[in-house]
Amino acid sequence: MLDAVLLRQDLESVVTKLAHKGFNLDVESFARLDTERRQIISEAESLKAQRNKISEEVAQLKRSKESADHLIEQQHKVGGRIKALEAGEKEAEIAFRDFLSHVPNIPHSSTPIGSDESGNIEIKRWGNIPEIDTPEDHVEIGTRLGIIDFDRAAKISGARFTILKGMGAKLERALIHFFLNQNIDAGWHELLVPYLVLQNAVYGTGQLPKFEHDLFKTHRGGDPLYLIPTAEVPVTNIYRDEILQAESLPIRHCAFTPCFRSEAGSYGKDTKGYIRQHQFHKVELVAFTTAEKAEAELEYLTRQAETLLEALDLPYMRVELCTGDLGFSSQKTFDLEVWLPSQKCYREISSCSWFGDFQARRANLKYKAKGAKKPEFLHTLNGSGLAVGRTLVAILECYQQKDGTVVVPKVLRDFMGTDILR
RNA sequence: GGAGAGAUGGCAGAGUGGUCGAAUGCGCCUGACUCGAAAUCAGGUUAUGGGGUGACUCAUACGGGGGUUCAAAUCCCUCUCUCUCCGCCA
């Protein structure tokens, strides 16, 4: 959520920046909701002040055993008006918050301006693209080796689910294990978190209210529960309603979770294979830090994800998203894309984002510097480290051999107990 | 699933209708004493929102929501969570 004060004071520049993100801010609605809210608050509060004053007088009269009937009568009327105003206040507050919660984050000043992904900027490429004359795709390889089964998965769960078998399942597990250990060794603190979360958690990271259709939803009793679309949701929310000490920052967490996405908006894209699934595995990196340290933290986090690809010797590219391709909550994002021989292009495998205080304001994540008068909102960042399924796809395709076998990346051989999948 | 007990400031823990944003202790900060430290003493120490350039001021908050009342930490309803016992279970 954006800072209402910023909008009030610098509305024009906010409008321009949001336009770069393809968002048209309704200036009139904002001004109206903002004024209405403040007016009703002022009115209600002055009445409450009056009520408190009279209550005080009543108390004094009662204490000295005098009659307070005339005052109590007066209070009756005030009480009724306060009740009405409070209802209006609540309504105005909800309307204002609802409006703001649909407004995306402002792109960072360093984010390149562009309208869609064609405006993204390549930052770097790493690794050698394997030369394969007629590459098989991971579906063919996995099916032939008997380690991936799409058909039977469809039988039990429908489209966009997959069964991994034997060495396929083990490879997925090896990657989870490898990613976690690498991240932990680099100082990221592991968390194992719930996969079902309350509504306010999904609101806190910004998937709600706008992107409800992307989420799987269930309930317990009357409370909705959402299956997490990424570990970002439970992990980012763990410090909600707390005030952290500035000296403890940055806090860096990594978490392995399954992720669940209904992806209603993406029908027709990647319908075949293991690229886009309703359920997939991911190891996520999440960092909390101060405004001053945040930009450096984005680089640090992105580098951590890159080292994982480098350790696996998978060729990748780092791309900076332009304003038009930036996610709802993000102000600056680097995507890491891995080379897929069958598609002859790079595909996203990690998205490393800096959210500024946008998520923190929604989730109420704060820190206080030593000697500071007021607590401030944290800056949050996250990125995959890495998406497990897509890494498995990249390995099958990049490490395929002419004889139909797949070489196991060096760093996974101990865990896999073999050098080659055949 | 059944029975019961709880939820108060950073922590511990008082408070059962008005003088309570809340005793007391611990912690923390500032000052005094000291060469310095400890001990001791004095003072301070929540957050959010509204108004004001500001000093400041007003409002709200005692797990969440609703109610009773002129007035609620305190009474009533409800939800959530925690703990104890029984049952069941991975």
Side-chain angles (χ1 to χ4, degrees), chain A residues 1-10 30-101 192-204 218-226 234 237-249 251 258 357 360-378:
Chain A
M1 192 149 69
L2 295 180
D3 184 2
V5 174
L6 177 73
L7 263 75
R8 211 177 286 152
Q9 290 174 348
D10 203 8
F30 172 77
R32 180 173 48 80
L33 291 168
D34 184 44
T35 321
E36 272 175 11
R37 169 177 167 274
R38 283 192 289 162
Q39 255 168 17
I40 202 158
I41 286 174
S42 282
E43 207 175 324
E45 285 189 354
S46 66
L47 267 182
K48 282 180 193 171
Q50 188 186 332
R51 179 181 66 183
N52 290 345
K53 211 171 143 206
I54 300 175
S55 275
E56 186 77 15
E57 289 169 30
V58 172
Q60 273 173 23
L61 288 173
K62 295 240 165 178
R63 246 174 277 139
S64 54
K65 306 259 196 276
E66 288 176 61
S67 163
D69 292 355
H70 60 294
L71 286 178
I72 289 174
E73 180 119 353
Q74 195 181 338
Q75 285 287 66
H76 268 294
K77 290 178 202 146
V78 178
R81 283 175 60 206
I82 288 177
K83 198 160 262 185
L85 276 173
E86 272 181 340
E89 189 181 342
K90 190 175 255 179
E91 220 170 278
E93 203 76 60
I94 288 171
F96 184 66
R97 205 178 161 86
D98 185 62
F99 178 88
L100 275 186
S101 69
L192 197 53
V193 295
Y195 307 150
L196 291 167
V197 294
L198 296 169
Q199 195 157 34
N200 59 10
V202 202
Y203 175 88
T218 178
H219 63 90
R220 194 195 55 181
D223 286 334
L225 281 174
Y226 293 84
N237 280 281
I238 61 176
Y239 300 115
R240 79 179 305 135
D241 300 327
E242 293 185 35
I243 298 174
L244 305 176
Q245 296 300 316
E247 304 90 81
S248 69
L249 302 171
I251 292 174
D357 61 10
R361 190 171 275 109
R362 291 177 157 239
N364 195 27
L365 311 171
K366 298 193 163 171
Y367 73 97
K368 197 167 184 177
K370 214 171 180 140
K373 277 205 180 102
K374 285 175 80 73
E376 290 179 69
F377 288 110
L378 285 163

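This structure is a prediction, so every number in the text was calculated from the model and none was measured. Values reported hereafter were calculated over all heavy atoms of this structure, with side chains retained and with hydrogens, waters and symmetry mates removed.
- A search for side-chain contact (heavy atoms from CB on, under 4.5 Å) contacts involving A:Ile243 returns A:Lys366, A:Lys368, A:Pro375, not counting sequence neighbours.
- Position along RNA chain B of the nearest nucleotide to A:Arg37 versus A:Gln60 favours A:Gln60 as the more 5'-ward residue.
- Here A:Asp223 pairs with nothing under the side-chain hydrogen bond (donor to acceptor under 3.5 Å, both in side chains) rule; sequence neighbours left out.
- Nucleotides B:rU45 and B:rC58, compared at atom C1', are 22 Å apart to the nearest Å.
- For the P atoms, the distance from B:rA38 to B:rG54 is 39 Å, rounded to whole Å.
- Under the salt bridge (charged side-chain N to carboxylate O under 4.0 Å, His left out) criterion, A:Arg38 pairs with A:Asp34, not counting sequence neighbours.
- From the 5' end on, the contacts that RNA chain B makes with chain A at under 4.0 Å to a non-hydrogen atom open and close at B:rG18 to B:rC81.
- Qualifying side-chain contact (heavy atoms from CB on, under 4.5 Å) partners for A:Ser46, counting only residues two or more places apart in sequence or in other chains: none.
- Near RNA chain B, meaning a heavy atom under 4.0 Å away, the residues from residues 76-88 of chain A are A:His76, A:Lys83.
- Residues satisfying the side-chain contact (heavy atoms from CB on, under 4.5 Å) test with A:Glu56, not counting sequence neighbours, are A:Gln60.
- As judged by a 4.0 angstrom heavy-atom cut-off over every strand, A:Glu45 is placed among the base-contacting residues.
- Sorted by first and then second residue, the salt bridge (charged side-chain N to carboxylate O under 4.0 Å, His left out) pairs involving residues 80-94 of chain A (not counting sequence neighbours) are A:Arg37-A:Glu93, A:Lys48-A:Glu86.
- For the side-chain hydrogen bond (donor to acceptor under 3.5 Å, both in side chains) test, residues two or more places apart in sequence or in another chain that qualify with A:Glu66 are A:Ser64.
- Between A:Ala59 and A:Glu93, the residue whose closest nucleotide on RNA chain B is further toward the 5' end is A:Ala59.
- Looking at A:Arg362, its side chain does come within 3.5 Å of a backbone N or O of A:Ser101 through a donor-acceptor pair.
- Every residue two or more places apart in sequence or in another chain that forms a side-chain hydrogen bond (donor to acceptor under 3.5 Å, both in side chains) with A:Arg361 is listed here: A:Asp357.
- Remark: A:Pro194 engages no residue in a side-chain contact (heavy atoms from CB on, under 4.5 Å) (not counting sequence neighbours).
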Per-nucleotide pairing state of RNA chain B [Watson-Crick or G-U, under 3.5 Å; [ ] pseudoknot-crossing; | other strand]: ((((((((.[[[..)..(.....]]]((((((.......))))))((((((....)))))).[[[[[..)....]]]]])))))))....

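- Expressed to the nearest 0.5 Å, how far CG of A:Leu7 lies from CE of A:Met1 amounts to 11.0 Å.
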